[in-house]
Amino acid sequence: MTVPAIAVSGLSKTYGATRALDDVTLDVRPGEIVGLIGTNGAGKSTLIKILSGATRPTAGGITLAGHPFTPGDPLAAQAAGVQTVHQNIDDGVVFGTTVAENLTLDSIAHRGGWFTTRARITAKARAIAGSSGLSVPLDAPVESLPASTRQQIVLARALSRKAGLLILDEPTSTLSATEAGALAEKIRTAAATGVAVLYVSHHLSEIESLCDRVMVLRDGRLRRTFTAPVTRESIVEAMLGDFAPHPPATPERDSTMTPERTPIAAKGLPPTEAGRSASVEPSASAAPPSPGPTRAGKTASVVLEAAGVRTGPGKVALSLQVREGEVLGVTGLVGAGKTELLEQLGGARRLVSGEMRVDGKPYRPGHPKDAVTAGVAFAAEERSAQAIVPGWSIRAHVTLPALWAHSRLGLLSRKSETAAAQRVAERFGVRGPGFGGNRNGAGIEAAIETLSGGNQQKVVVGRWLETGPKVLLLDEPFRGVDVGARADIGRVIRDAAPLAVIVASSDPQEIVEVADRILVLHEGVLTGELTAAEATPERLATLMSGTVMSGTVNDEETE
Amino acid sequence: MTTSQQATASATEEPRPRRGPRAAEVAYRYGLVAVLVAMLIVFAVLRPAFGTYANALIVLQSVAVVGVVALGVTVSMTTGGFDLSAGACVGAVVMVTALTMVRFNLTGATAIVAGLVTGLLVAGVNVLLTVVARVPDLVATLGTMFLFQGLALILTSGQSVSAGMTVNDAPAPGKYTEGFTWLGGGTIGSVPVPVIVFALLAIAVYVLLVHTRWGRALYAIGGNAEAARLAGIRVARYRALAYVVSGLCAAVAGIMLSARLGRGDVGAGDPYLLQSVAAALIGHAVLGANRPNALGTVIGALFIGVMINGMTMLNAPYYAQTFVQGALLVGALVVSYTLTPGRRERTVR
Amino acid sequence: MTTSQQATASATEEPRPRRGPRAAEVAYRYGLVAVLVAMLIVFAVLRPAFGTYANALIVLQSVAVVGVVALGVTVSMTTGGFDLSAGACVGAVVMVTALTMVRFNLTGATAIVAGLVTGLLVAGVNVLLTVVARVPDLVATLGTMFLFQGLALILTSGQSVSAGMTVNDAPAPGKYTEGFTWLGGGTIGSVPVPVIVFALLAIAVYVLLVHTRWGRALYAIGGNAEAARLAGIRVARYRALAYVVSGLCAAVAGIMLSARLGRGDVGAGDPYLLQSVAAALIGHAVLGANRPNALGTVIGALFIGVMINGMTMLNAPYYAQTFVQGALLVGALVVSYTLTPGRRERTVR
Amino acid sequence: GCSQGPSSSATPATSAPATTAAPASPAASVPAKFASGDVKIALVRQLSSGDYFEQWLAGAEAEAKALNVTLQISSGDGNNDKQALNLEQAVNQKADAIIVDHGFAQTVQPAIKKAADADIPLVAFDVDPGTPKAVALSQDDHQIAEQALGALKADTGGSGDVIYVYVAGFAPLDRRNETWTKFKTDNPGIKQVAQIGVVNSSTASAVADQAKAALQANPGTKAIFAPYDEFAKGATLAVKELGLQSKVKVYGADISTADIGVMTEPNSPWVATSTTDPSNVGRVAVRAAALLVAGEQVDPALMVPPALVTQQQLRDGKITNITQLTQAVPALVTPDVAHVPWSAS
Ligand SMILES: Nc1ncnc2c1ncn2[C@@H]1O[C@H](COP(=O)(O)OP(=O)(O)OP(=O)(O)O)[C@@H](O)[C@H]1O
Ligand SMILES: Nc1ncnc2c1ncn2[C@@H]1O[C@H](COP(=O)(O)OP(=O)(O)OP(=O)(O)O)[C@@H](O)[C@H]1O
Ligand SMILES: [Mg+2]
Ligand SMILES: [Mg+2]
């Protein structure tokens with residue numbers, strides 16, 4: 001047998017009272033692609049941070065290609081051939097600098113001439129971008145680019161370097177199927193040349209199609225290792241452990257749940273994961289049941305109505321309506337304009353054109369505050385840049401959008417805040433330091449950075465329900481959450497009637513799971529509208545790639 | 001997270017050698033306060049006159065003006081701003097109040113209003129520059145600083161204003177009114193008015209920052225302005241609010257200083273920028289806050305005031321005072337920050 | 001990634017509405033430079049003596065010391081730090097060099113070495129505090145500032161150092177050597193030495209920041225320290241490097257100032273903090289950089305120097321100068337920042 | 001400090017004593033309080049950095065040592081409110097006497113009144129105490145300006161372009177400015193072509209930069225009147241750096257060891273300065289305070305007269321520091337002002 005590219009034994013990491021990693025032993029051999037999966041907070045990112053030298057283990061040893069290795073800092077790890085893409089992409093790019101500088105960021109840490117010019121940097125960056133097929137203007141400031149592009153920059157950088165071990169922590173969370181597919185191809189190519197790959201994802205289809213072996217982490221422990229071919233049922237079961245079937249976070253809501261709308265993960269088996277890539281065959285339960293009459297029936301009144309809005313100047317205008325109790329899905333490839341549309345609806349961006357009404361009353365938000373006042377809640381796409389306030393507790397994050405509701409005469413009520421935060425934590429099953437056990441109540445005072453990425457996502461999405469909105473706008477709400485939590489969020493969204501919900505996601509599968517009706521965008525233009533029943537992955541894929549569905553009503557051709 | 005996990009957690013304490021996590025936590029939270037208390041005790045033992053009520057009032061009075069400016073600076077810092085113009089504002093307010101009474105022979109009340117309006121004017125310029133013209137805070141308030149330092153000079157052609165000064169070859173008609181002077185030198189009970197004003201403002205700013213939703217919004221903006229905006233906080237208005245509070249605090253300080261000086265001193269405000277920034281910055285380290293906070297600022301101001309007063313009482317040569325001040329400050333900072341719990345994990349090296 | 005995506009990317013260029021991008025862009029990039037050039041022209045027209053070679057040298061010499069300090073401050077700012085101790089470092093170096101020559105009767109070369117070592121000492125304390133003890137930059141350098149201001153005083157018991165001073169009832173043995181004094185007042189060709197030093201250092205800092213790996217690393221740390229660390233940049237070392245450069249620049253400035261003054265003046269360094277920070281901050285607005293940069297700092301220093309020189313020549317009363325300085329600065333800032341391309345999109349309101 | 005032993009014995013009659021205390025009787029017995037060393041005098045200063053204040057303090061400390069009293073020193077460091085508070089604190093601590101060194105009348109008078117109410121004797125130097133109970137000590141700033149301007153007038157022949165260095169708001173400078181204003185009206189031939197001035201911790205180099213600009217703009221300048229030694233040093237530096245030594249002369253005020261160095265440098269344009277000896281003034285202040293503690297009579301308006309020091313005088317006498325200067329210019333030493341009968345000096 002070949003010497004493992006990396007082998008860890010007895011690795012543990014504790015944060016105060018939290019055991020993020022507990023006696024983990026694993027190895028990855030050259031040329032092998034190992035999937036690392038687990039629920040939110042299982043310890044995946046912690047393991048990766050240790051292997052990449054970003055943080056130090058509490059106990060345990062690592063050998064790289066047979067040699068003992070103590071990753072003192074990221075530079076040492078990189079020098080030893082470990083290339084890492086971390087989960088939080090904003091830990092990978094430097095705002096205020098250009099794409100070229102970001103593509104060559106790690107080269108400035110290494111040996112090489114001390115003298116450099118813009119031309120040299122650009123040349124180097126062009127080579128990196130070229131080999132990754134990245135087409136972004138190299139002199140664009142990186143903060144002006146969407147998250148997916150930034151993710152691709154970070155990936156291109158990692159892939160460009162000679163590596164013995166390539167570690168990718170949820171690299172596809174901001175990517176859509178096409179890009180994810182292209183990435184998978186590159187990973188396979190790399191593995192074929194002998195690179196060992198450790199791959200983390202909540203998209204089980206990717207794990208299934210890509211990985212030679214799958215390791216499952218739960219509560220910081222390595223529970224099972226599967227060798228390809230893996231069955232999704234078994235890995236989900238290993239992942240969720242005692243939680244399979246995933247327990248509803250709020251049991252009392254269970255009874256109110258519409259029976260035909262609680263499929264998928266609540267049963268512990270989310271077979272619909274397959275739909276990540278449109279070419280994957282649809283599984284039986286992917287065909288969503290037709291919406292119940294009370295949910296999206298034409299009898300329910302229209303809550304939010306937009307006419308003649310555009311995703312951007314010069315784009316074709318479109319109209320949309322959401323009714324009470326209805327979940328409207330918006331999908332399209334990365335850059336299709338979903339975010340731009342939702343930002344306009346949520347007051348985060350100036351309305352390009354058109355008119356909007358909420359409950360029949362004219363609605364023209366100049367600021368997100370106006371939207372909140374009108375009963376429109378908008379959970380933005382990028383967690384760390386657009387929602388997280390560093391150092392703040394879960395409680396403070398939950399109450400931030402509705403501070404007035406927790407204060408009298410301006411004075412904040414701690415009691416009311418605590419109650420709200422606990423409601424969110426319970427509803428979405430937020431898990432982090434201080435939760436559960438007999439330490440009740442301590443959890444919501446934990447700093448948000450001490451939660452795993454997925455749990456942070458639950459907090460920043462879930463808090464908007466606490467504002468008591470009429471319309472809930474969610475942009476990529478499932479980013480980084482595990483299959484169980486994804487079902488939880490989906491369920492809460494659907495149960496929050498008489499709320500009208502718009503969910504945007506570049507993953508058609510996620511949309512199919514939650515939406516009653518689906519709008520598909522392509523390059524800022526509406527290409528079709530489907531009911532959940534009509535939405536098969538094939539149809540969605542066709543529309544997303546730009547084929548306009550016959551009968552799609554666009555308001556007008558041009559401005 | 002269950003009981004089993006808790007057991008594990010305690011078991012993991014051993015590998016990482018933690019020399020008394022409690023002690024570290026305490027040192028972190030109370031490091032600066034402890035140094036302050038130690039100083040108080042040492043001074044009181046060495047100089048019985050130090051530990052008297054009368055002296056306590058003098059110390060408090062000596063920090064009152066700086067403290068009030070520092071409270072304003074603290075508020076401006078919460079949003080991530082920085083008010084470099086605070087000292088200049090104090091100086092301008094001193095000149096304006098003096099001119100109002102001495103040169104224009106108006107009442108003390110008018111002078112107070114004029115002073116507050118000057119504070120609002122400074123705030124207005126800061127808001128225009130930072131919020132409307134989007135100039136970064138440091139540069140913008142630097143510009144405002146020059147502007148109002150200059151204004152204070154221009155108002156009087158660079159001369160100080162005092163009763164009996166010559167204006168156009170005639171003596172100025174007015175003088176400081178008694179009521180106005182009382183704001184600087186008067187007492188209520190035995191407590192000097194500036195001390196009372198400082199205490200009240202400290203409580204007000206504390207409540208504002210910690211217990212009101214406006215304070216929460218200010219901190220949110222300082223933490224992540226975009227996240228605050230998307231959560232429905234009107235960032236521009238709150239940033240303006242922060243500068244208005246800062247300007248008003250500086251104006252109140254200027255009024256008290258003017259009342260104490262009894263004249264309009266050119267450059268009277270200059271020392272207050274550095275001192276108030278120092279107090280506010282030292283305050284970051286108090287009680288483990290690691291961010292601008294009212295209580296910390298008060299303690300920071302006291303820290304400096306007690307140190308200077310005590311050293312003077314001990315007859316330490318003036319040239320040694322700055323050094324000791326620096327050494328004590330550095331010591332307190334090192335204690336506070338190196339012992340931050342979990343810091344080793346978080347800080348970027 | 002495919003051709004279709006490329007099409008998207010290029011197609012999306014147009015929708016961004018650009019109202020007169022050229023004019024705004026030009027104003028943004030050249031706003032401050034334009035104001036500077038306008039000032040030069042106005043002054044030269046009003047006072048022919050202003051636009052002479054001799055006067056240009058005078059202006060340059062008047063900004064040389066400030067400029068050198070400001071270059072150091074600029075480097076410390078690139079990593080997101082802030083060196084409040086720069087002025088104190090200048091002051092300490094002035095005292096140390098004076099003492100070396102006057103009191104200990106050593107050579108000018110020794111004095112230079114002693115001065116540079118002092119600069120390194122200041123840098124060392126800053127590094128210990130910020131990098132090792134993890135005290136936030138502003139607070140840490142504030143502590144260092146007090147420490148070295150105090151040290152400069154203590155070294156001489158608060159006395160200024162000049163040839164013939166009385167030490168222990170005997171006159172001090174040494175005096176400023178000619179070679180050392182040349183560093184402040186000498187010329188090469190007709191150009192004063194400080195101007196040459198300033199120019200060389202400006203080029204060096206420019207090259208360091210723009211054309212070396214280390215400069216890129218410094219900016220990366222300032223932009224996102226965590227990203228830089230994860231990319232393998234040794235953040236601690238680079239932050240230390242920044243403070244070392246800052247300390248050395250302040251030391252060089254101190255040596256030149258000492259040579260020019262010909263004596264060790266207590267407090268000589270104090271005005272240099274604010275002035276150098278002002279120059280560096282103004283520099284942010286130059287050429288649309290919006291971050292600390294060497295060229296901007298030089299222009300910022302010149303901006304202030306030209307303004308003071310020109311106004312003095314125009315016989316503007318000294319008390320009006322600060323105001324005009326503020327007004328011009330504010331004007332230039334507003335032009336530069338309001339016209340930032342795309343700023344309206346990005347800034348949080 | 002400056003040892004004053006030899007010069008006092010050589011005190012000539014030229015120094016017209018402004019006043020005298022009790023008739024000099026060297027054998028007077030030392031009051032008990034002074035013998036036991038229990039006397040505490042608080043020195044409350046407005047500023048403490050700079051040569052002038054250093055020398056002043058050195059003189060005061062030397063005299064305090066000679067009189068066996070303890071000086072408790074505090075400084076406002078330019079913050080006048082702080083000085084007022086320090087004064088209140090001295091009253092609070094019940095010092096035996098208080099010396100107020102500079103300051104602004106309006107600011108320190110309320111606290112001086114407290115001292116008077118508490119019957120603490122007080123000497124106010126260069127600031128109006130506002131109460132007859134306190135002794136006002138001053139150096140004659142008008143005379144300082146007059147003497148320097150006298151030299152300027154003599155050298156220029158009473159006509160020519162002059163650059164004036166002045167910053168308002170500093171009491172001594174304001175008084176010297178009054179004399180300058182009068183001088184200009186009296187001498188229409190003298191033309192002020194520019195007024196410059198900065199006061200900060202690096203006054204000399206800032207003034208030098210301004211003076212260079214002003215000299216460039218006014219090439220006809222014959223003299224710079226800089227009635228404060230930091231100004232004069234800056235002006236001198238400017239003239240030197242422009243190489244105008246043969247055309248422009250500097251007339252200053254005040255003196256220190258460093259200033260002597262600057263004045264006696266080869267080709268120095270600083271030709272005259274009018275000054276008191278700061279350390280002598282410090283001595284006088286302490287003596288006056290000691291007399292008050294002992295219950296002796298002191299003239300409520302003590303005045304220390306200045307003397308004109310010229311470059312020629314310094315060069316001829318090969319004078320390099322203040323000690324030598326006080327020997328060479330006996331008018332700078334005034335042992336008869338506030339003479340302490342029981343002291344040897
Ligand atoms: N700095 C920290 N302080 C305290 N606890 C932490 C810290 N960082 C992580 N944790 C905890 O460690 C555990 C593991 O987190 P980790 O980020 O590794 O999870 P993950 O498997 O990557 O989850 P996700 O899928 O949501 O990204 C979580 O319980 C988390 O709350
Ligand atoms: N890969 C890309 N390269 C360049 N620009 C892009 C890219 N992706 C998006 N954009 C820009 O963003 C605009 C639309 O982005 P928006 O964020 O609204 O799309 P989205 O459908 O929400 O995509 P995402 O899935 O990334 O959120 C495009 O018009 C384009 O200007
Ligand atoms: Mg993770
Ligand atoms: Mg989007």
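The chains referred to below are lettered A, B, ... by the order of the sequence lines, with proteins before strands, and numbering in each begins at 1.
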Using side-chain heavy atoms (C-beta onward) and a distance below 4.5 Å, is A:Thr104 in contact with C:Arg213?
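No. Closest side-chain heavy atoms not under 4.5 Å.
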So, do A:Leu105 and C:Ile233 sit near enough that their side-chain heavy atoms are less than 4.5 Å apart?
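In contact.
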Using non-hydrogen atoms and a 4.5 Å limit, figure out which bit of A:Asp90 sits close to chain C: side chain, backbone, both or neither.
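Backbone only.
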Looking at C:Tyr206, I want to see if its OH is surrounded by more than 12 non-hydrogen atoms of other residues, nucleotides or ligands under 6.0 Å.
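Result for OH/C:Tyr206: open.
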If you count the non-hydrogen atoms of other residues, nucleotides and ligands that lie under 6.0 Å from CZ in A:Arg118, is the total more than 12?
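No, not enclosed.
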Kindly say whether A:Phe115 contributes a backbone atom to a donor-acceptor pair with the side chain of C:His211 at under 3.5 angstrom?
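Side chain of C:His211 to backbone of A:Phe115: no pair is present.
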Quick check: does any side chain N or O of C:Asn224 sit under 3.5 Å from a backbone N or O of A:Val93, one acting as donor and the other as acceptor?
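Checked: pair present.
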What residues, two or more places apart in sequence or in another chain, satisfy salt bridge (Lys or Arg N to Asp or Glu O under 4.0 Å) together with A:Glu101?
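So A:Glu101 forms a salt bridge (Lys or Arg N to Asp or Glu O under 4.0 Å) with C:Arg216.
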Please find the pair of heavy atoms, one from C:Leu230 and one from A:Ala54, that lie closest to each other, and give the distance.
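Looking at all heavy atoms of both residues, the closest pair is CD2-CB, 3.4 Å.
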Heavy-atom distance under 4.5 Å to chain A: side chain of C:Val210, backbone, both or neither?
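Just the backbone, heavy atoms under 4.5 Å.
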Greatest number of heavy atom pairs closer than 4.5 Å to chain C - which of A:Asn88, A:Thr97, A:Asp91
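Top option by heavy-atom pairs under 4.5 Å: A:Asp91.
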Out of A:Thr116, A:Asp106, A:Ile121, A:Asn102, which one racks up the most heavy-atom pairs below 4.5 Å with chain C?
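Highest number of heavy-atom pairs under 4.5 Å: A:Thr116.
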